[in-house]
Every structure is written in structure tokens, then in C-alpha cells.
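Since the structure comes first, as C-alpha cells, the remarks are kept for the end.
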Number of protein chains: 2
Amino acid sequence: MTTRTAAQRRSDARIAHQDRFAACSTNRLLERLGEKWVALILKELTEGPRRYGELAQSIAGASQKMLTETLRRLERDGLLSRTLTPSVPVRVDYALTPLGRSLLPVLREVTRWAEQNMAAIDSARTGYDDQRSRASHDDEQRGTGPHGRRGQG
Amino acid sequence: MTTRTAAQRRSDARIAHQDRFAACSTNRLLERLGEKWVALILKELTEGPRRYGELAQSIAGASQKMLTETLRRLERDGLLSRTLTPSVPVRVDYALTPLGRSLLPVLREVTRWAEQNMAAIDSARTGYDDQRSRASHDDEQRGTGPHGRRGQG
DNA sequence: CAGAATCCTCTTTGATACTG
DNA sequence: CAGTATCAAAGAGGATTCTG
């Protein structure tokens, strides 16, 4: 009997792996871009600098908290700049940095693929869901499949 | 006095906006790719088909639950296929579909940018954090800044 | 105007135990 | 082997209130 249980050893391995995972730059970038309002903010700033209020309007879906937090993260990453003009009332402008602009071609590739293939994804989903609902229906009719069909949503 | 409060109107506008947001294919794709284990799974399957257990090993950071759920989502999206061989014990193979493979060039662009620029992002973060910690330090010394500096973590 | 702070809810993720 | 089911913890996100 060792000092650590099998569960502990597995957990350790997992933690070690997560470090390596966190170090993967592709993942780090995708996680950032996948955040809820990042793509929209970048898209809006592609057209030029924007004041905070302008962003809040054009991205009306985001709460004030999320908008501010997301902008801060992007500023921290050096992808956009925040310029405060200490007038009364204050004025804050956000703009893409050169680093942020360098990301745009990549985003355009993503957009291109998405626009060309998202319909295929949607139809794949429909097919997958149809098949599942029909299968569980059969289960009920013939009583052959005891495994639950609880997924209605 | 109108029937709805300003808060309600804002909330309505937000909900309407979220619909349009959800319909944006770029966002939908980025959210999918930004999910915690998606990029790793796709990367692994780039090398060829993999059995469930093989994926579980090479992506040891993911819990069994997350791995299964993520694989299912990707299968549902038509990005990968799941082939069940009803032997004893059962055998399940995952592989990229043509649709999934068509995504690889896009991912390579993302990887290329990430590898070239993630260092810049890291140094931007360091600079940002340094500046902030120095600023709040000054505040304490001179007592000019009453706004809390509670963020130690 | 452009946030900061606080409270609270819903979703995501992981650990654990069980199964065909 | 390849999952499913359940529960608990963590985190994301939103509503609200207050401020320089």
C-alpha cells in the first residue's frame, strides 16, 4: 500500500497536465477570443476608436460590468488602448493597438469559415437531434432500451 | 410616466440584442472553439482517429465527464464522427469529419498568430500589472487615493 | 460620462460511484 | 472499455446602487 491513493495520483497527473495545457498559446488565445463579448468588441473597434458609451450602445447586450471587465482584460493583454481625457465629464476612448490590429486577419479567416460552414453545423445538429429523438421513441414503443431518454431540452 | 421603467426597457433591448448576437456565426464558432477542451481534442484528432481511452490519456487534464460531453457536442456539430464497435468490450473510435478537417487551416492560422504574439501579450500583462501595483503603492504612501486596492489575487 | 462595489443567480466543471 | 448519473464546488455573468 502506497502513501497516496490511486485517486490522488490521478488527480496529481491531472493538475500537472493542466499546467501544460495552460501554457499552450493556441488554447490561451482561443479562450480569450471565445469570451462572451471579445469578438464583438474587437469587431466594433475595427471600424475605429470608440468611446465607452458608444461601445455600450452598439454592444447593448452586454451589461456595464461585463463590458468594463472585458475591456480591461483586453487592455491588459495589450490588444487595445484606453485613453482617458480628464475633462468634465471625463471621456474615455478605446482603440485597437498594433498588436490588436495584427489579430484582425486571423479573425477574418475565422469569420470566413464560419459564414461558409455554420449552416452545415446547424443541419448536422438537426440531424443528430432528430436521430436521437427517434431512437428514444423506438425505445419506448418496443421497450428495448431501458436507458433513459430524459433529454428533452 | 410610461408603463415600463427605464430598467425594463434597457433589459428588453438587451434581450433583443442577445438574439442577434447569438445569430452571429463568428461568435458561435469562437465560443465553440474557446471551450475548455475543444482545441486539444481537435489537435489530437488531427493526427488520426483515436479511441476514447487514447484521448483520455493524451488529454489527461480533462475529467471523464468533460471529455465525453465535449466529444458529444463536437459530434453533434458534425465536426467529428463517433464509431461504435459492439465487441466485448466495446470499442469507440473518434475521427474528424471532412467538415472538421476543413477547420484545421483556420486553426493553424490561430496557432501561428498565438505562437508569434503570445509573448507580447504576456509582457503587456506584466507591464499593466506592474503599473497598477506601483500606482496603488503610491496611493498608500501619500494617502491620495481613497479607492480601495483590495485586489491582491 | 465612465465606471466601482456589492449581491445574487445560473452555468460550468470536477469528483465520485455505478453499469452494459 | 466506454461510458451514465449524481452531487458539490467554482466561476461567469447580471442587476443594482453609488461615485469622481
Side-chain angles (χ1 to χ4, degrees), chain A residues 5-15 17-18 21 31-32 34-38 50-57 59-73 75 82-94 132 136 139 144-151 153, chain B residues 5-15 17-18 21 31-32 34-38 50-57 59-73 75 82-94 132 136 139 144-151 153:
Chain A
T5 68
Q8 278 178 318
R9 261 179 285 116
R10 259 184 285 119
S11 191
D12 287 355
R14 193 154 295 167
I15 290 170
H17 198 277
Q18 303 224 5
F21 163 76
E31 277 184 24
R32 183 56 95 233
E35 277 172 27
K36 202 165 188 179
W37 306 105
V38 168
R50 291 283 185 275
R51 296 183 57 169
Y52 179 88
E54 295 176 323
L55 288 173
Q57 282 202 313
I59 311 178
S63 66
Q64 174 266 331
K65 180 191 173 189
M66 286 315 298
L67 185 57
T68 299
E69 284 183 3
T70 308
L71 286 168
R72 284 293 197 288
R73 274 193 296 269
E75 183 200 359
R82 175 175 177 272
T83 310
L84 181 135
T85 307
S87 51
V88 183
V90 292
R91 168 189 179 122
V92 178
D93 289 272
Y94 291 92
R132 291 211 93 209
S136 58
D139 280 359
T144 52
H147 36 280
R149 49 159 278 299
R150 307 172 45 256
Chain B
T5 68
Q8 279 177 318
R9 260 179 286 116
R10 257 183 286 119
S11 191
D12 287 355
R14 195 155 294 165
I15 290 171
H17 197 278
Q18 304 224 7
F21 164 76
E31 276 184 24
R32 184 54 96 233
E35 276 171 27
K36 203 164 186 178
W37 305 105
V38 168
R50 290 284 185 274
R51 296 182 56 168
Y52 179 88
E54 295 176 322
L55 288 173
Q57 282 203 314
I59 312 179
S63 67
Q64 175 270 340
K65 180 191 173 189
M66 286 314 298
L67 185 57
T68 299
E69 284 183 3
T70 307
L71 286 168
R72 284 293 197 287
R73 273 193 297 269
E75 183 199 359
R82 175 175 178 271
T83 310
L84 181 135
T85 308
S87 52
V88 182
V90 293
R91 169 188 179 123
V92 179
D93 289 271
Y94 291 92
R132 289 212 92 210
S136 57
D139 280 359
T144 52
H147 36 280
R149 49 162 279 300
R150 306 169 48 257

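Below, each value reflects all heavy atoms present in this structure, side chains not excepted, and no hydrogens, waters or symmetry copies. Keep in mind the model is a prediction, meaning the values are calculated, not measured.
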Distance in Å, B:R72 CZ paired with B:L67 CG, rounded so as to fall on 0.5 Å steps: 10.0 Å

A:R72 CZ - C:dA2 P separation (whole Å): 12 Å

Contacts of B:R91 that satisfy salt bridge (Lys or Arg N to Asp or Glu O under 4.0 Å) - sequence neighbours left out: B:D93

Atom pair CD (A:E54) and CD1 (A:I59), whose distance is rounded to the nearest 0.5 Å: 11.0 Å

Under 4.0 angstrom between B:Y52 side-chain N/O and D:dT4 OP1 or OP2: no

Whole angstrom value for the distance that separates P of C:dA2 from CG of A:L55: 9 Å

Between the protein and nucleotides 17-20 of chain C, are there any N/O to N/O pairs under 3.5 Å, and if so, what are the atom names and distances?
none

Considering all heavy atoms, the nearest A:L84-A:V92 contact: CD1-CG2, 4.2 Å

Spacing between B:M66 atom CE and D:dT4 atom C1', to the nearest angstrom: 15 Å

side-chain N/O A:R91 vs C:dA2 OP1/OP2, d < 4.0 Å: no

Presence of B:W37 side-chain N/O under 4.0 Å of C:dG14 phosphate oxygens OP1/OP2: yes

From C:dC1, C:dT13, C:dG3, nucleotide with atom closest to A:V92 side chain: C:dG3

Side-chain N or O of B:R82 closer than 4.0 Å to phosphate OP1/OP2 of D:dA2: no

Helix axis bend for the helix from C:dC1-D:dG20 to C:dG20-D:dC1 - C1'-based end axes, five pairs, 10° rounding: 50°

Qualifying residues under side-chain hydrogen bond (donor to acceptor under 3.5 Å, both in side chains), relative to A:R51, sequence neighbours excluded: none

side-chain hydrogen bond (donor to acceptor under 3.5 Å, both in side chains) partners for B:E35, two or more places apart: B:R32, B:R73

Value in whole Å for how far the P atom of C:dA4 lies from CD of A:E69: 9 Å

Between P of C:dG3 and CZ of A:R51, the distance in whole Å: 10 Å

Distance below 4.0 Å between A:Y94 side-chain N/O and C:dC1 OP1 or OP2: no

DNA chain C: 5'-proximal contact among A:K65 and A:T68 (nearest heavy atom): A:T68

Close side-chain approach of B:T68 to B:Y52, heavy-atom, < 4.5 Å: yes

A:E75 CD - C:dA2 P separation (whole Å): 15 Å

Atom pair CG (B:L55) and OH (B:Y94), whose distance is rounded to the nearest 0.5 Å: 8.0 Å

Distance in Å, B:K36 NZ paired with B:M66 CE, rounded so as to fall on 0.5 Å steps: 8.0 Å

Distance in angstrom units between A:R32 CZ and D:dA12 P, rounded: 10 Å

Atom-pair distance (CD on A:E35; P on D:dG11), nearest Å: 15 Å

